[in-house]
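In what follows, a single structure is set out as structure tokens and then discussed.
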Amino acid sequence: MTQIKRRQLLQFAGSLLTGLGLSQLDIQRQAIRYGQVIAQSHPRKLALLVGINQYQAPIYPPLQGCITDVELQRELLVYRFGFHPSDILTLTDAAATRSNILTAFEEHLIKQAKPGDVVVFHYSGHGSQVVDPEPIAPDGLNSTFVPVDVPQRLQEGIVEDIMGRTLFLLMSALNTENVTAVLDSCHSGGGTRGNFRIRAVRADVGKFLQGSPEEFAYQERWRYELQMSLARFNQQRRAGVAKGVVIASAQRQQQALDAPFSDFYAGAFTYLMTQYLWQETATVLQLVATVSREIKNFSPQVPLADIQPNSGAENQAIYFSQTPQPFAEAVIVQVDGETVKLWLGGIDMQTIEAFDQGATFTIISPDSSGEVELISRAGLTAQGTLKGTAKPGALLQESARAIPADLKLRIGLDPSLAGDIDVAQKSLETIARIAAVPPQPGNIPYSGEVHYLLSRFTLGDATNLATAAQLPEIDSIGLFSPGKDEIIPDSFGSASETISLAIYRLNPKLKSLLAARIVKMTLNAQASRINVAASMFPEGQGAKLIGQAFTPRSRSQTPTAPQLPATNQLPVNTPFQFQLTNNETRPLYVSILVIDPSGQIIVLFPNRWGAASDASRVEAGQTIFIPNVETDDFTFVTQSKGIGEALIIASQNPLRNALLTLQKLAAEQQVQRGAVVPDVDAIGALLDDLSRSDRGAGGIVGVRQRLRATEIAALSISFEVI
């Protein structure tokens, strides 16, 4: 942050007064008492947010994204869900000791919450497990979260962890049922996985660790205050959570990821969850289902929600908040004349790089008006120029995004390449817009985000991926996902292949992956004002919906596609089709692309390469099927298992440049009718068509195209080929 605000001033004062015997928590308690005076009337909304990056290595490896998680939650709660800033207490890094966390829970939440109030507790940091003296899990362990304290009795197997047993008692003591606990940590793994940190200590340590005597004494104290016998305590623990909802970022034996996104780090789960909540009003079950679907694109972790038995909390709005603020991508947090500071919490992770210099937002709050054009971005904070009038807290919706002119595909070089790393780096960097990222020593495997890993296939990989259908040869070279938990299909060669030959072989694959990355920067279903809807079905089986997408901010505000339960699954070798409805009063021009499970991008429609330039035109008010089983002589068929994604792009501008470029490619690929694999130039031509009415973006340094939400709709339907 470039300027000192009230919260920062308190933090600086806290560090200064430590020498006088006053902790950060003491300072924050004074802020709490002040907040009690000016707080809003009931129902009050209280939150305690805990995030820890700076653990003491080598006992616990440091993390990168937990402080960002706290910021993501805080800005969401204040600007989207109406929490008063003084009712949100944050404890980060050195302040997040076991004593401070427990004291803050008591003072800020238990002592202040009244019946009907809303309470949120969020924890981001390492998770672990300790022996449970009255176990309810088959392994006899109790999950914990790890405060910043250095465990002085670790040699004796005693740690300072806060146990799940303790959290159950603290939630029981809250004098309200409207409680949400969000835990972005895990209880297995440790170390790194590809380019991700794992938010857990080693998987085996829980078998030997014990909670501290102070922890068990604390639990006894709360059981006494709650008049809860040991038998009733254990019975209620087995039944479910004490109050409201507990949302966990991963299953009990899974890994929760601390992940790089563009130029910042965050918890994979927390970022997806908070970004989704800027855009949607959802129940906890809807939230978990959506985030589970989105997170599988780069992590095997499966979030879960535990609901208080017989409470009906699963049917209530998330955070028990019935009247959130309007949907938004960003919020103004500071105004200084014509310069404003923005928080970009509602921007999708796949498109964040399109929200830098040249991107624009429309102000939607009733007490402000006008537009903001971005000057720069660092992480999720941006500086912009205000054209109009605005106050801090004004919400913004996307008006236009700016696609970078030199968007790159970042390839991490796995340590398994050993002595070939230098050769791999030089070979990759001869390919336009491919950036090679060598591994680095220390806690973080790579400097920033990588999109794929170039690696040898090792015996360790074979063990980790033993359930995969087909495994490459040991010592062969190919591509992995960033977490190194998935093989990129059709990317591995023979074990005898040199690194130079492997990269030469992978050249077309890398260019296709780059083209897919560029076109996904257009995805704007939430922001688009184009009134269009798309569905995907097995061919001729409209009652079996695979997935659907629409534009909620368009005039209809409701999808025109059938409201059927989506399976998101499609058996291999099954023909499929799309239904597309143009609800506009003008024609639209449509292109359909599919990114198959191997990562290759394919243009499915238009596909008659000798046709006129209006082959992709869909008339106003028209519903079409692609392909139409009654008139078309082509089919779309799945051919390999895995996760795929269909991209449906509708534009008010004819796609003439894209069609001409694709026609040339079709001729080169000897395709007269059917799917074509586009290159980067073809995707560039498509973006040129989409941005035709905003050529001025070319004058912005580093920007190739600016895509307006009033002119295009780029929808996505993810599916799994089984």
For this session: Given side chain to side chain contact (heavy atoms under 4.5 Å, CB included), test Arg656 with Tyr589 step by step and report yes or no.
Result: CA-CA 10 Å; Arg656 295 191 181 97; Tyr589 298 85; 5.7 Å; no
Problem set entry | Check: Ala527 main-chain N/O paired with Arg529 side-chain donor or acceptor under 3.5 Å | yes
Problem set entry | Between CG on residue Leu514 and CD1 on residue Ile683, distance to nearest 0.5 Å | 9.5 Å
Problem set entry | Heavy-atom side-chain contact between Phe327 and Thr281 under 4.5 Å | yes
Exercise. Taking it one step at a time, do Ser716 and Gln350 satisfy side chain to side chain contact (heavy atoms under 4.5 Å, CB included)?
Worked result: CA-CA 12 Å; Ser716 170; Gln350 295 186 91; over 6 Å; no
Seminar exercise, completed: Closest non-hydrogen contact found for Thr551 with Asn531 is OG1-CA, 3.8 Å
Seminar exercise, completed: Nearest heavy-atom approach of Thr351 to Lys520 is CG2-O, 3.5 Å
Exercise. In this structure, are over 12 heavy atoms from other groups packed under 6.0 Å from Gln622 atom CD?
Worked result: yes
For this session: Answer yes or no: is there a side-chain heavy-atom contact under 4.5 Å between Leu49 and Leu77?
Result: yes
Exercise. Taking the side chain as C-beta and beyond, is there a heavy-atom pair between Asp406 and Arg433 under 4.5 Å?
Worked result: yes
Seminar exercise, completed: Closest non-hydrogen contact found for Ala516 with Gly599 is CB-O, 4.2 Å
Exercise. Under a 4.5 Å cut-off applied to non-hydrogen side-chain atoms, are Val118 and Thr176 in contact?
Worked result: no
For this session: Verify, without hydrogens or angle tests, whether Ser591 (side chain) and Phe605 (backbone) share a donor-acceptor contact under 3.5 angstrom.
Result: yes
Problem set entry | Short side-chain to backbone donor-acceptor contact, Arg706 and Gly358, under 3.5 Å | yes
For this session: Walk me through it: do Ile332 and Phe361 pass the test side chain to side chain contact (heavy atoms under 4.5 Å, CB included)?
Result: CA-CA 11 Å; Ile332 294 175; Phe361 295 91; over 6 Å; no
For this session: May I ask you to decide if Thr581's main-chain N or O and Thr623's side chain share a donor-acceptor pair within less than 3.5 Å?
Result: no
Problem set entry | Aromatic ring pairing Phe261/Phe264, orientation class (parallel under 30°, perpendicular over 60°, tilted between) | tilted
Problem set entry | Any donor-acceptor N or O pair under 3.5 Å, side chains Asn657, Asp689 | yes
Problem set entry | Option from Val182, Asp184, Val291 for which side-chain contact (heavy atoms from CB on, under 4.5 Å) with Pro303 holds | Val291
For this session: Check for a donor-acceptor pair, side chain of Asp69 on one end and backbone N or O of Ala266 on the other, with a separation under 3.5 Å.
Result: no
Problem set entry | Side chain proximity check, Phe550 to Leu715, heavy atoms < 4.5 angstrom | no
Problem set entry | Interatomic distance, Gln73 atom CD to Thr270 atom OG1 [nearest 0.5 angstrom] | 6.5 Å
Exercise. Can a salt bridge be assigned to the pair Arg517 and Glu353 using a cut-off of 4.0 Å between side-chain N and carboxylate O?
Worked result: yes
For this session: Return yes if some donor-acceptor pair links the side-chain N/O of Ser124 with the main-chain N/O of Gly51 below 3.5 Å, else return no.
Result: no
Problem set entry | From Glu720 atom CD to Ile643 atom CD1, the distance as rounded to the nearest 0.5 Å | 4.0 Å
For this session: Check Ile592, Ile648, Leu647, Val594 against Ile717 for a side-chain contact (heavy atoms from CB on, under 4.5 Å) and give me the one that passes.
Result: Ile648
Exercise. Within a strict 4.5 Å, meaning less than it, do heavy atoms of the Arg708 and Ser399 side chains meet?
Worked result: yes
Exercise. Atom CG in Leu342, atom CG in Leu374: separation rounded to 0.5 Å?
Worked result: 6.5 Å
For this session: Could you grab the distance from atom CE of Met536 to atom CG of Leu580, nearest 0.5 Å is fine?
Result: 13.5 Å
Problem set entry | Any donor-acceptor N/O pair, Ser651 side chain to Leu690 backbone, under 3.5 Å | no
Exercise. Between Tyr319 and Leu287, is any pair of side-chain heavy atoms under 4.5 Å apart?
Worked result: no
Exercise. Is there a donor-acceptor contact under 3.5 Å linking the side chains of Gln526 and Glu280?
Worked result: yes
Problem set entry | Verdict with reasoning, Phe81 to Ile318, per side chain to side chain contact (heavy atoms under 4.5 Å, CB included) | CA-CA 10 Å; Phe81 287 93; Ile318 193 72; 3.9 Å; yes
Exercise. Just by distance, do the side chain of Arg74 and the backbone of Leu76 share a donor-acceptor pair under 3.5 Å?
Worked result: no
For this session: Locate the shortest heavy-atom distance separating Ala354 from Ala359; write the atom from each residue and the value.
Result: O-CB, 3.7 Å
Problem set entry | Met349 side chain reached by Leu272 side chain, heavy atoms, under 4.5 Å | yes
Problem set entry | Sidechain N-carboxylate O distance under 4.0 Å for Glu373, Lys387 | yes
For this session: Look at the side chain of Ser691 and the backbone N and O of Leu707, then say whether any donor-acceptor pair between them is shorter than 3.5 Å.
Result: no
Seminar exercise, completed: Value for CG (Asn582) from CD (Gln652), rounded to nearest 0.5 Å, stands at 11.5 Å
Exercise. Between the side chain of Glu329 and the main-chain N/O of Glu398, is any donor-acceptor distance below 3.5 Å?
Worked result: yes
Exercise. Are a donor atom and an acceptor atom from the side chains of Arg553 and Gln279 found within less than 3.5 Å of each other?
Worked result: yes
